[in-house]
Amino acid sequence: MIDLRIVRSDPEAVRASQLARGEDPSLVDRLLTADAQRRAAVASADELRAEQKSFGRTVGRASPEERPALLARGKELAGLVKQAEAREVSAEQELRGAHLAVPNVIEGAPPGGEQDFVVLEEIGTPPTFDFTPRDHLELGELLGAIDMERGAKVSGARFYFLRGVGAQLQFALLNLAMQTAIGNGFVPMVPPVLVKPESMEGTGFLGAHADEIYRLEADDLYLVGTSEVPLAAYHSGEIIDLAGGPARYVGWSSCFRREAGSYGKDTRGIIRVHQFDKVEMFSYCRPEDAEAEHLRLREFEQQMLAAIEVPYRVIDVAAGDLGSSAARKYDCEAWVPSQQAYRELTSTSNCTTFQARRLGVRYRGEDGKPQTAATLNGTLATTRWLVAILENHQQADGSVRVPEALRPGLGGREVLEPIR
RNA sequence: GGAAGCGUGCCAGAGCGGCCGAAUGGGACACACUGCUAAUGUGUUGUGCUCGUCAAGGGCACCGAGGGUUCAAAUCCCUCCGCUUCCGCCA
């Protein structure tokens with residue numbers, strides 16, 4: 001939820017943000033109207049409650065004989081208060097609806113849609129092969145590392161087994177990510193992957209992406225699509241201490257996505273799957289520190305990408321392609337030889353105070369007063385990274401060179417060899 | 001899964017249907033006193049919404065959450081959530 005004070009004091013800025021996102025600027029006016037109406041409803045209900053309260057006291061002080069005469073007026077007041085409160089509730093609902101309809105105000109994101117990203121950096125050079133490169137699935141099968149067929153047999157399409165060096169490679173990668181984060185002061189976390197509706201809702205994932213999410217109806221729980229959800233909800237409703245700088249967490253979890261509406265897209269291999277593992281960074285900080293923290297998260301992502309030695313580029317995602325919570329988002333996309341294209345490996349979003357406001361995460365400012373915190377998140381490694389590692393480091397015989405940083409996690413192996 | 005109990009402010013812990021935003025103790029903070037520390041004294045010690053110049057200062061709400069009864073509820077009733085204990089079952 002955006003800050004209503006900004007809507008009141010500078011509605012034009014919010015309208016401009018809406019336009020940059022390609023969304024309806026008139027939602028801002030609906031919000032302003034709803035805000036004014038709610039305040040009027042609160043004022044009149046407060047007034048009636050005050051009257052009822054003081055009248056109630058006189059009833060309490062009255063003698064038993066005069067009390068019955070007063071009860072009629074008391075009943076009347078109770079009825080009026082009830083009506084006023086009903087108006088208050090409906091005004092609040094209208095406001096909430098209008099409030100939730102407005103996404104975060106962008107901060108520096110380029111205007112436009114999905115294609116309007118700006119490339120900030122290109123690191124490394126796409127490899128050239130003097131043989132026909134294999135795609136990651138072919139390599140994975142040669143190495144005995146990825147088994148899609150049995151994944152489908154056991155669980156259906158878009159499921160897979162990582163086995164042998166595939167499983168080990170993922171452990172090596174995710175462990176390296178955890179170590180990198182821990183070394184930079186992040187608190188390691190293994191969060192729950194099933195969460196309550198309010199946690200899902202609070203983090204903003206039940207809006208436009210509701211059909212992306214697995215729901216366990218019998219228990220009214222949701223499977224998270226990223227550990228951002230439990231990590232963001234971790235401090236919900238709390239006033240946290242940010243005096244010593246940002247509170248940083250790094251979560252390792254499985255992530256679950258229904259991939260509804262992506263039929264036929266990336267059906268081969270492990271690029272787009274229903275379940276994968278991810279190491280995710282999450283920061284809570286003061287709003288004034290958020291932009292710098294965002295760049296720091298990006299830096300950590302780039303350190304990881306450097307460690308796996310693949311070419312990649314950094315893009316500044318366009319306003320229209322941001323999630324509703326994000327004010328700005330940077331993606332790192334690795335080169336995938338079999339597709340001759342860059343594919344997203346990391347994504348870091350600055351949600352400013354948008355997400356924390358809904359979750360009720362605050363900190364104490366200089367004056368000791370509670371203020372809404374800012375939240376940020378960023379990817380440090382995922383199962384998809386295996387695609388880039390396998391394809392970029394493949395050799396003519398189907399073997400794959402192991403980037404140095406991952407060797408310790410693979411028992412020192414320098415090359416993964418085909419198993420037959 | 002069954003049974004019982006509990007859920008109050010930073011913590012501990014009272015609380016009769018009206019005089020409770022809430023006793024008391026501890027902690028923390030400020031000031032005073034003290035050569036320093038300690039001790040002592042006095043004061044402060046929540047959050048949200050709202051009116052007001054995001055002032056001074058008002059008003060309303062909040063005692064796990066949500067409903068209900070009542071002129072009036074922390075206090076009575078219902079539902080849910082969480083915690084504890086016991087029984088059963090089982091990785």
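To find a chain, count down the sequence lines: A is the first, B the second, and so on, and within it residues start at 1.
Here the nucleotide nearest the side chain of A/Ala78, chosen from B/C71, B/U47, B/C54, is B/C71. Here the side chain of A/Arg5 is nearest to one of B/C81, B/C51, B/C54, namely B/C54. When each of B/C71, B/U50, B/U47 is scored by its nearest atom to the side-chain atoms of A/Val59, the top-ranked nucleotide is B/C71. Here the nucleotide nearest the side chain of A/Arg38, chosen from B/C49, B/C71, B/U47, is B/C49. For A/Lys369, counting side-chain heavy atoms from C-beta on, the closest listed nucleotide (B/U47, B/C54, B/U50) is B/U47.
Among the protein residues, A/Gln52 comes within range of the sugar-phosphate backbone only, with heavy atoms under 4.0 Å from sugar or phosphate atoms but none that close to a base. Contacts of A/Leu77 with the nucleic acid, taken as non-hydrogen atoms under 4.0 Å apart, are absent. Among the protein residues, A/Gly74 comes within range of the sugar-phosphate backbone only, with heavy atoms under 4.0 Å from sugar or phosphate atoms but none that close to a base.
Nucleotide B/A56 is matched to nothing when pairs are restricted to Watson-Crick or G-U wobble geometry with both distances under 3.5 angstrom. The partner of B/C20 is absent, by the rule that a Watson-Crick or G-U pair needs both atom distances under 3.5 Å. Figure legend. B/A61 is base-paired to B/U47; pairs are counted as Watson-Crick or G-U wobble with both atom distances under 3.5 Å. Judged by Watson-Crick or G-U wobble contacts below 3.5 Å, the nucleotide B/C89 has no partner. Across all strands shown, nothing is found opposite B/G35 as a Watson-Crick or G-U wobble partner with both distances under 3.5 Å. Shown here, B/U84 forms a base pair with B/A4; the pair counts as Watson-Crick or G-U wobble because both key distances fall under 3.5 Å. Under the Watson-Crick or G-U wobble criterion, with both distances below 3.5 Å, B/C10 is paired with B/G26. Of the nucleotides present, B/C78 is the one that pairs with B/G66 by Watson-Crick or G-U wobble criteria, both distances under 3.5 Å.
The gap from the P atom of B/G7 to that of B/C60 amounts to 29 Å, rounded to the nearest Å. Atom name C1', nucleotides B/A74 and B/G13: the rounded distance is 15 Å, in whole Å. Comparing B/C78 with B/G59, their P atoms sit 36 Å apart, to the nearest whole Å. The separation of B/C63 from B/C11, taken at their P atoms, amounts to 16 Å, rounded to a whole angstrom. Remark: the separation of the C1' atoms in B/A12 and B/G27 is 10 Å, to the nearest Å. Across B/A56 and B/G41, the matching C1' atoms stand 30 Å from one another, rounded to whole Å. To the nearest whole angstrom, the two C1' atoms, one in B/A55 and one in B/A61, are 24 Å apart. Nucleotides B/G21 and B/U45 place their P atoms 16 Å apart, quoted to the nearest Å.
Considering only side-chain N and O atoms, A/Arg8 lies nowhere under 4.0 angstrom from the phosphate OP1 or OP2 of B/C54. Residue A/Arg364 has no polar side-chain atom (N or O) positioned under 4.0 Å from OP1 or OP2 of B/C29.
To the nearest angstrom, P of B/U47 lies 11 Å from CD of A/Gln371. The distance from atom CG of A/Leu48 to atom P of B/A72 is 13 Å, rounded to the nearest whole Å. As rounded to whole Å, 11 Å separates atom P of B/C49 from atom CE of A/Met1. As a whole-Å value, the separation of A/Glu198 CD from B/C80 P is 16 Å. B/C71 atom P lies 3 Å from atom NZ of A/Lys75, rounded to whole Å. A straight line from NZ of A/Lys196 to P of B/A65 spans 13 Å, rounded to a whole angstrom. Remark: C1' of B/C81 and CG of A/Asp220 are 12 Å apart, rounded to the nearest angstrom. Atoms CD (A/Gln37) and P (B/C49) sit 20 Å apart, rounded to a whole Å.
Inspection of the A/Thr352 and A/Asn104 side chains reveals an N or O donor paired with an N or O acceptor under 3.5 Å. Judged purely by distance below 3.5 Å, without hydrogens or angles, the side chains of A/Thr379 and A/Glu301 never pair a donor atom with an acceptor atom. For the residue pair A/Arg5/A/Ser9, the side-chain donor-acceptor check at 3.5 Å is not satisfied. Judged by distance alone, the side chains of A/Glu138 and A/Gln394 never bring a donor and an acceptor atom under 3.5 Å apart.
Ion pair A/Arg21/A/Asp321 not flagged as a salt bridge, since none of the NZ, NE, NH1 or NH2 atoms sits closer than 4.0 Å to an Asp/Glu carboxylate oxygen. Taking a cutoff of 4.0 Å between a charged side-chain nitrogen and a carboxylate oxygen, A/Glu259 and A/Lys265 do not qualify as a salt bridge.
Toward the 5' end of RNA chain B, the nearer of the two residues A/Gly56 and A/Glu92, judged by each one's closest nucleotide, is A/Gly56.
A/Arg298 forms a cation-pi arrangement with A/Tyr330, by the criterion of a distance under 6.0 Å to the ring centre and an angle within 45° of the ring axis.
Classification of the A/Tyr249-A/Tyr234 ring pair by plane angle, with boundaries at 30° and 60°, yields perpendicular.
A/Phe300 has its ring centre less than 6.0 Å from the ring centre of A/Phe186.
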| message | Before you tell me yes or no, could you show the steps for A/Glu391 and A/Gln339 under side-chain contact (heavy atoms from CB on, under 4.5 Å), namely the whole-Å CA-CA distance, both residues' side-chain angles and the distance that decides it to 0.1 Å? | response | CA-CA 10 Å; A/Glu391 293 200 13; A/Gln339 301 190 355; 5.8 Å; no
Pairs: protein N or O with nucleotides 58-60 of chain B N or O, under 3.5 Å:
from, atom 1, to, atom 2, distance (Å)
B/G59, N2, A/Asp46, OD2, 2.9
B/C60, O2', A/Asp46, OD1, 2.9
B/C60, O2', A/Arg49, NE, 2.8
B/C60, O2', A/Arg49, NH2, 3.2

